[in-house]
Amino acid sequence: MVAGVVLSLGQAMRRRDFVKGIAVSSAWPLAAQAQQRSMPVIGFLNGRAPANLPKLLAAFRQGLNETGYIEGQNVAIEYRFAENQYERLPALAVDLVRRQVTVIVATGTSAALAAKAATTTVPIVFELLHELLPSVRIVALLVNPTEPALAEATKSAVLAEAHNLGLELQILNASSEHDFDGVFEKLIEMRAGALMIGGDALFTSYSEQLATLAIRHGVPAFYKGREFAAAGGLVAYGSDIADSYRVAGNYTGRVLKGEKPADLPVQRATKIQLIINFKTAKALGITIPLPVSGRADEVIE
């Protein structure tokens, strides 16, 4: 999975200010506009709430530490969180530009590269679904309509794979956590045999809540991230998000040391994890085939 690319800031940033994405981040220097400081300042921009990110922020700081930067000692960080209200991101980014921070790090899933990720992860998830639930013919996909580019890219990839396997695909929408209960009510009404959750920062923020609802309603559910499987989701498959944040911190430190962002290669996630919750499988009456369990990086019992 490749992550992170261009975050649009309206007219506040010119096109040439954008550089290659790194892990789940993109970073670009604003040193030419910045005032001379004894300590560089990183602008950290994220669409989620800080309460959802303690482990990821720790991973980001770890990456910075690997390049010799320690927050509060030789680097400062200005944090801006959109609290899952993504329409706030452009204004928050403009604020960081006005403050003339040295580097801006914008973390989160970008639509363009998320689409690329969907084309590689969807077939594998469908393979797992087919092996675990061979009798299922109706599958539901949950997407966030407030991120239309990402939602459409995910739907396109999933529709193609569903067609290949002769499955009927139903689309469900959720634009906030308040929609989740209604999603599962519709899921039961349409008699879907499984739920695939599309990659989105909203769903990552509330992956434990989604997993809890899935097990409460007896729905086999698939999403990325260990937290999802640990909370009761049947299968988690995807990249190690914390490791991506660590790489983002490392790249940011390298930029602060003078490396040109355009010269830094785009990073691909190297840690792709398959986690299966055997306890959930047992509760749902699903037998995990040995070939599937043998491919798992972790099983939760």
Side-chain angles (χ1 to χ4, degrees), residues 1 3 24 46-53 56 81-89 107-115 117-118 121-122 125-126 129 133 136 138-159 161-162 167-239 241 277 280 284:
M1 177 180 177
V24 292
N46 189 278
R48 297 161 65 184
N52 302 134
L53 297 170
L56 301 183
F81 299 98
E83 305 279 349
N84 297 311
Q85 299 177 44
Y86 301 110
E87 68 278 4
R88 295 178 56 202
L89 284 171
T107 60
T109 307
S110 73
L113 292 180
T121 60
V122 165
V125 172
F126 262 94
L129 189 156
L133 307 166
V136 165
I138 303 176
V139 178
L141 169 67
L142 179 62
V143 296
N144 180 359
T146 65
E147 293 285 344
L150 174 56
E152 291 303 317
T154 303
K155 284 191 287 186
S156 177
V158 175
L159 276 168
E161 194 61 26
L167 299 176
E168 178 184 338
L169 184 69
Q170 297 287 342
I171 305 299
L172 296 170
N173 295 302
S175 54
S176 79
E177 70 275 19
H178 303 298
D179 297 329
F180 293 162
D181 285 328
V183 162
F184 279 89
E185 290 174 6
K186 292 179 181 177
L187 186 69
I188 301 305
E189 289 176 7
M190 62 180 57
R191 298 181 180 180
L195 173 66
M196 287 185 61
I197 302 172
D200 188 90
L202 170 65
F203 304 147
T204 301
S205 297
Y206 294 95
S207 62
E208 294 182 20
Q209 181 180 337
L210 287 165
T212 299
L213 286 167
I215 193 65
R216 181 186 303 166
H217 290 276
V219 176
F222 299 71
Y223 191 49
K224 61 182 181 179
R226 186 186 186 282
E227 294 79 6
F228 178 73
L234 179 61
V235 171
Y237 179 80
S239 60
I241 300 174
N277 191 316
T280 295
L284 296 174

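Looking at every heavy atom in both residues, Gly198 comes nearest to Tyr223 through O-CE1, 3.4 Å. Nearest heavy atom pair, residue Glu83 against residue Arg88, reads CG-NH1, 3.7 Å. Nearest heavy atoms, Arg48 versus Phe81: O-CB, 3.2 Å. Listed here is the closest heavy atom pair of Ala194 and Leu133: CB-CD1, 3.8 Å. Contact detail for Ile197 and Phe203: the closest heavy-atom pair is CG2-CD1, 3.6 Å. Heavy atoms only, all atoms of each residue included: Gly233 and Ala211 are closest at N-CB, 3.4 Å.
Looking at Asn277, its side chain does come within 3.5 Å of a backbone N or O of Ala229 through a donor-acceptor pair. For Ser156 (side chain) and Glu152 (main-chain N/O), no donor-acceptor pair under 3.5 Å exists by modelled atom type.
A side chain to side chain contact (heavy atoms under 4.5 Å, CB included) with Val219 is found for exactly one of Leu234, Leu284, Leu187, namely Leu187.
Residues Leu142 and Leu210 are in side-chain contact: their nearest non-hydrogen atoms beyond the backbone lie under 4.5 Å apart. Looking at Gln209 and Phe180, their side chains come closer than 4.5 Å, going by heavy atoms from C-beta outward. Between Ile171 and Lys155, the closest side-chain pair of non-hydrogen atoms falls below 4.5 Å. Side-chain contact between Val136 and Ile138 is absent, with no heavy-atom pair separated by less than 4.5 Å.
Interatomic distance, CE of Met190 versus CD of Gln170, reported as 4.5 Å (0.5 Å rounding).
The ring-ring contact (aromatic ring centres under 6.0 Å, His included) test applied to Phe222 returns no partner, not counting sequence neighbours. Take Phe184 and apply the ring-ring contact (aromatic ring centres under 6.0 Å, His included) test, not counting sequence neighbours, and it matches His217.
We find that Glu189 and Lys186 are not joined by a salt bridge, their nearest charged nitrogen and carboxylate oxygen being 4.0 Å or further apart.
Judged purely by distance below 3.5 Å, without hydrogens or angles, the side chains of Asp179 and Ser175 pair a donor atom with an acceptor atom.
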